[in-house]
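Written out below as structure tokens is the structure these notes cover.
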Amino acid sequence: MIGLVDCNSFFVSCQVVFNPKLKGKPVVVLSGNDGCIVSRSREAKALGIKMGEPVFKVKHLIRKHKVYTFSSNFSLYADMSQRVMTILLSAAPRVSIYSIDEAFLDLSNIPREDLKYFAIDLKEKIRKWTGIPVSVGIAPTKTLAKVAVHKAKVDLSLKGIKIIKTKSEIDKELISFKVSDVWGIGRESARFLKFYGIDTAYQFTEMPDVWVRKNLKIFGLKTLKELQGSSHISFEEKHAPKKQIIRSRSFKNPIIEIEPLGEALASFAARAAYKLREQGSYAYKIGIFIRSSNYLQSHLRYSKSYEKKFITPTNDTSLLISATFECLEKIFQKGIGYKKAGVVLNGIVSQYEKQLGIFKKDQKELCASLIKVVDQINNKMGSKTVRYAAEGINERLRYRSEKKSKLYTTNWEDLLRVS
DNA sequence: TCTGGGGTCCTAGGACCC
DNA sequence: TCTGGGGTCCTAGGACCC
């Protein structure tokens, strides 16, 4: 059996832990630049505020119902996530961390009749030790565990725990489960299935393998098998190194000049390079993209990307920043208000797969030790304590984040005082 | 006026090889 | 006049996830 632990309204819950008076109130957390709604408390959902909705469209609801809003505070969420995950790692022999607020647990060593008590204990322990409420779903496959946790969240009488064991229990759940809510069935597939009259997960499980394989491809077939109760998605304990690293942001105000755009891209490159070194990798390719607002009329939109390849892969910040500038020179056009930009690292290899060049000397010793020192300082004193001048100095001006809470768990100055 | 920031995997098609 | 039958690798784009 596989368990899935999913934090309820995770970002909102992190805020509520440090503001207990928000319990039971409508609360939302916003995306970068305070643009969209990305997390909602139960009370906010009840008001009809949708996931991913732009804030300006629900301004009236926020005002009318006094909805508490927060800018996102990723340092806080990452730290709270780590606390929850630490508990999970001690609770099961194998744990697969799937996202910031979810993890799968291998429960094959727990007697079936004890699963319920295990779940109750675990849920309570997490609540007590971290303040984060979670839901638990347990089933024979990952996809069914997803179904279970979905049920556990929707049906309040279940108190946040749902276990699906037998074939008849599976069928019973799937009959009332929308196929569009199945993990792995997105908007396109759901629309396609609807065309053939398939609305529930149960109807989907009755379709022939060949038909599913042909129309929904290999992943559709895996999902079908998983819903039928046989495991086809591997457990994967430790997460593999990233095959692609992206750092990108939208800007508060459109950027028109090349210099500030270059500064933004340089800081993306620096952060991407740090991520790369953190996992001990090197990249063969760096690409950038720049674009105007997506919401302009189509003939006014501008969106370009450019990629540069290295002969020998690198994780040297200065090389990556200068490559970024080279790319920008190729695609920058005057007279455009750039609203979003990003840096993309591809062709990522480990230290051992790194091919040395025949003609060019490898990254100089000096650079490598310089970077090491910079990383050490920043790890100890906080990121960007030391940085490249190319990144500019007034990063704050580029982004909006007006309602950010304190760093309750990662900054001494922000520690809560209890009186 | 205001619209997130990451990722993964799969497939089709082009360029190229013998 | 008639013009094969295998492959590989790379890229762009789609679909999906949180």
Side-chain angles (χ1 to χ4, degrees), chain A residues 4 6-11 28-40 50-60 62 69-74 77-78 81 96-104 142-143 146 149-150 179-193 213-223 232-234 236 239-254 264 268 271-272 275 279 284-285 287 289 291-296 301 303-307 309 337 339-348 398-402:
Chain A
L4 173 60
D6 192 323
C7 302
N8 300 342
S9 311
F10 183 56
F11 295 173
V28 297
V29 170
L30 312 179
S31 63
N33 286 310
D34 299 342
C36 289
I37 309 279
V38 292
S39 182
R40 307 155 295 157
K50 303 243 163 43
M51 179 67 182
E53 208 162 17
V55 176
F56 74 90
K57 285 192 180 171
V58 288
K59 261 269 143 66
H60 61 289
I62 291 176
T69 61
F70 291 91
S71 303
S72 31
N73 184 342
F74 268 94
Y77 310 149
S81 170
S96 170
I97 297 173
Y98 178 65
S99 73
I100 194 164
D101 70 336
E102 276 175 82
F104 290 101
K142 280 188 167 180
T143 307
K146 277 276 194 181
V149 95
H150 188 274
V179 74
S180 56
D181 287 337
V182 170
W183 186 45
I185 304 290
R187 219 183 33 212
E188 288 305 305
S189 302
R191 204 169 57 188
F192 175 83
L193 291 170
R213 164 75 236 234
K214 179 165 168 258
N215 295 296
L216 301 185
K217 314 300 172 188
I218 192 71
F219 200 79
L221 185 60
K222 283 188 182 180
T223 301
H232 278 69
I233 299 174
S234 64
E236 288 169 56
H239 44 228
K242 298 267 175 275
K243 297 169 179 175
Q244 178 177 63
I245 292 170
I246 304 176
R247 291 297 110 141
S248 76
R249 294 290 298 267
S250 298
F251 306 120
K252 176 168 65 173
N253 302 314
F268 299 149
R271 284 195 288 143
K275 265 287 164 215
Q279 66 170 37
Y284 271 105
K285 291 183 268 190
F289 64 85
R291 53 174 171 258
S292 60
S293 169
N294 266 337
Y295 303 93
L296 294 171
R301 265 178 249 163
S303 174
K304 277 253 154 58
S305 64
Y306 190 85
E307 191 177 65
K309 292 175 188 144
K339 196 68 176 124
K340 182 170 182 175
V343 166
V344 185
L345 263 27
N346 268 310
I348 292 176
R398 292 202 284 265
Y399 313 109
R400 176 176 296 136
S401 184
E402 285 168 358

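Only a predicted model underlies this, so the values are computations on that prediction, with no experimental measurement involved.
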Applying a 4.0 Å non-hydrogen cut-off, can you work out what [X] is touching in the nucleic acid: base, sugar-phosphate, or nothing?
X      : value
A:I245 : sugar-phosphate
A:E53  : nothing
A:I185 : sugar-phosphate
A:K285 : sugar-phosphate
A:K59  : nothing
A:V58  : nothing
A:K275 : nothing
A:S189 : sugar-phosphate

Between [options], which nucleotide gets closest to the side-chain atoms of [X]?
X      : options                : result
A:K243 : B:dG5, C:dA15, B:dT8   : B:dT8
A:I246 : B:dG7, B:dG4, B:dT3    : B:dG7
A:K339 : B:dG4, B:dT3, C:dT11   : B:dT3
A:D101 : B:dC2, C:dC18, B:dT11  : C:dC18
A:I218 : C:dC16, B:dT11, C:dC18 : B:dT11
A:K242 : B:dG4, C:dT11, B:dT8   : B:dT8
A:F56  : B:dG6, C:dC17, B:dT3   : B:dT3

> Are A:I37 and A:T69 close enough that some pair of their side-chain heavy atoms sits under 4.5 Å apart?
Replying inline: no
> Looking at A:F251, is A:K340 sitting on its ring face, NZ or CZ under 6.0 Å from the six-membered ring centre and within 45 degrees of the normal?
Replying inline: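 The answer is no, since A:K340 fails at least one limit relative to A:F251.
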> With a cut-off of under 6.0 Å to the ring centre and 45° to the axis, is A:R249 in cation-pi contact with A:Y399?
Replying inline: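 Yes, cation above the ring, under 6.0 Å and within 45°.
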> How do A:R271 and A:K217 order along DNA chain B: which one's closest nucleotide is nearer the 5' end?
Replying inline: A:R271
> A:G52 or A:A240: which one's nearest nucleotide on DNA chain B is closer to the 5' end?
Replying inline: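 On the 5' side of the pair lies A:G52.
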> Is the ring centre of A:Y98 under 5.5 Å from the base ring centre of C:dC18, and are the two planes under 30° apart, so that they stack?
Replying inline: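 So no, this residue does not stack on that base, at least one cut-off failing.
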To the nearest Å, give me how far apart [atom1] ([X]) and [atom2] ([N]) are.
X      : N      : atom1 : atom2 : value
A:F74  : B:dG5  : CZ    : P     : 10 Å
A:Q244 : C:dA12 : CD    : P     : 12 Å
A:F268 : B:dG6  : CZ    : C1'   : 12 Å
A:I97  : B:dG6  : CD1   : P     : 20 Å
A:N33  : B:dG6  : CG    : P     : 12 Å
A:I62  : B:dT3  : CD1   : C1'   : 13 Å
A:F289 : B:dG7  : CZ    : C1'   : 13 Å
A:E188 : B:dC9  : CD    : P     : 21 Å

Look at the side-chain N and O atoms of [X] and state whether any lies under 4.0 Å from the OP1 or OP2 oxygen of [N].
X      : N      : result
A:R213 : B:dT11 : yes
A:S250 : B:dG5  : yes
A:S72  : B:dG4  : no
A:R187 : C:dC17 : no
A:K340 : B:dG5  : yes
A:R247 : B:dG6  : yes
A:K146 : C:dC18 : yes
A:K309 : C:dC10 : no

> Does the side-chain hydrogen bond (donor to acceptor under 3.5 Å, both in side chains) test come out yes or no for A:S250 and A:N33, once each step is laid out?
Replying inline: CA-CA 7 Å; A:S250 298; A:N33 286 310; 4.7 Å; no
> Considering only the P atoms, how many Å lie between C:dC18 and B:dT3, rounded to the nearest integer?
Replying inline: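 Comparing P positions in C:dC18 and B:dT3 gives a spacing of 25 Å.
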> Under 6.0 Å between the ring centres of A:W183 and A:F219?
Replying inline: no
>> Set out, in order, the CA-CA distance, both residues' side-chain angles and the distance that settles ring-ring contact (aromatic ring centres under 6.0 Å, His included) for A:F289 and A:F268, then state yes or no.
In response: CA-CA 11 Å; A:F289 64 85; A:F268 299 149; 8.5 Å; no
> Which heavy atom of A:R301 sits nearest a heavy atom of A:N294, and at what distance?
Replying inline: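 Closest pair (atom of A:R301, atom of A:N294, distance): NE-O, 3.3 Å.
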>> When both hydrogen-bonding distances must be under 3.5 Å and the geometry is Watson-Crick or G-U wobble, what is B:dC18 paired with, if anything?
In response: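 Here B:dC18 is engaged in a pair, and the nucleotide opposite it is C:dG5.
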> Should A:E102 and A:K146 count as an ion pair when the cut-off is N to O under 4.0 Å?
Replying inline: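 Yes, this pair counts.
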